[in-house]
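To keep things clear, I will list the structure first and then write my remarks on it.
Since the model is a prediction, treat every value here as computed from it, not as a measurement. All residue numbers in this chain count up from 1 along the given sequence.
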Amino acid sequence: MSTTESTDTSPGVTSMSAAAGWFVEQPTLPRHESLKMWSEDLTGFLERLIPAVEVLAGSLPEDDVSARAAMVGVGEAHRRLREPGAAGLNGETERVRRLARSVMALCDHHVNLSGTSRPLSVCAGHVPDGRHVRTVENQSHSVQTEVK
């Protein structure tokens, strides 16, 4: 981290993708209050990711395949944001998982279009709640996992 610290404590693309991936992979149903918080967090992530991906896609030529694919993902994210809450814990969990999948997809599009995984905030090896993470990078994106 530089000597000039940012006051932005919002999660970066890598943290958003990791959080969404964690939620999707949970084998058990969350409690109702936890599910409500996840829904709010994932909705907030999408509200930040959608305009960022739109700007990145808009800066590329109209016939750019990556930009067009990203805009399809943006459309799907908008559709999922408009889905009403589902009846029952099972139904609502599936709706929130769809939000999480859109977060993961838009994070991937953001990385592909920008060439970086951390442009939305400073991600210096930790997430805002203080957990330490390690970053695993491959050709197209990076994933953070909690270090125990």
With clusters defined by side-chain heavy atoms of hydrophobic residues (ILVMFWY) lying less than 4.5 Å apart, directly or transitively, does [Y] cluster with [X]?
{"X": "Met104", "Y": "Met16", "answer": "no"}
{"X": "Leu60", "Y": "Val53", "answer": "yes"}
{"X": "Met71", "Y": "Leu56", "answer": "yes"}
{"X": "Ile50", "Y": "Val96", "answer": "yes"}
{"X": "Leu35", "Y": "Leu81", "answer": "yes"}

Could you measure the distance from the [atom1] atom of [X] to the [atom2] atom of [Y]? Nearest 0.5 Å is fine.
{"X": "Glu25", "Y": "Arg97", "atom1": "CD", "atom2": "CZ", "result": "10.5 Å"}
{"X": "Glu54", "Y": "Ser59", "atom1": "CD", "atom2": "OG", "result": "12.5 Å"}
{"X": "Phe23", "Y": "Leu99", "atom1": "CZ", "atom2": "CG", "result": "9.0 Å"}
{"X": "Arg80", "Y": "Leu42", "atom1": "CZ", "atom2": "CG", "result": "11.5 Å"}
{"X": "Lys36", "Y": "Asp41", "atom1": "NZ", "atom2": "CG", "result": "12.5 Å"}
{"X": "His78", "Y": "Ser102", "atom1": "NE2", "atom2": "OG", "result": "10.5 Å"}

message: If we ignore hydrogens and angles and just use 3.5 Å, is the side chain of Ser17 paired with the main-chain N or O of Val13 as donor and acceptor?
response: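 No, the answer is negative, given that no donor and acceptor are paired below the 3.5 Å cut-off.
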- request: Check the angle between the aromatic planes of Trp38 and Trp22 and answer parallel, tilted or perpendicular using the 30° and 60° thresholds.
  value: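 Correct class here is parallel.
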query: Heavy-atom count around Arg68 CZ within 6.0 Å, excluding the residue itself: above 12?
result: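 Open.
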Minimum heavy-atom distance [X]-[Y], with the two atoms named:
{"X": "Pro30", "Y": "Thr93", "result": "CD-OG1, 3.7 Å"}
{"X": "Cys107", "Y": "Leu49", "result": "SG-CD1, 3.8 Å"}
{"X": "Gly73", "Y": "Leu106", "result": "C-CD2, 3.7 Å"}
{"X": "Ala57", "Y": "Leu113", "result": "N-CD1, 3.9 Å"}

- prompt: Side chains of Arg95 and Ser39: do they bring a donor and an acceptor to under 3.5 Å?
  reply: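 Present: a donor and an acceptor within the cut-off.
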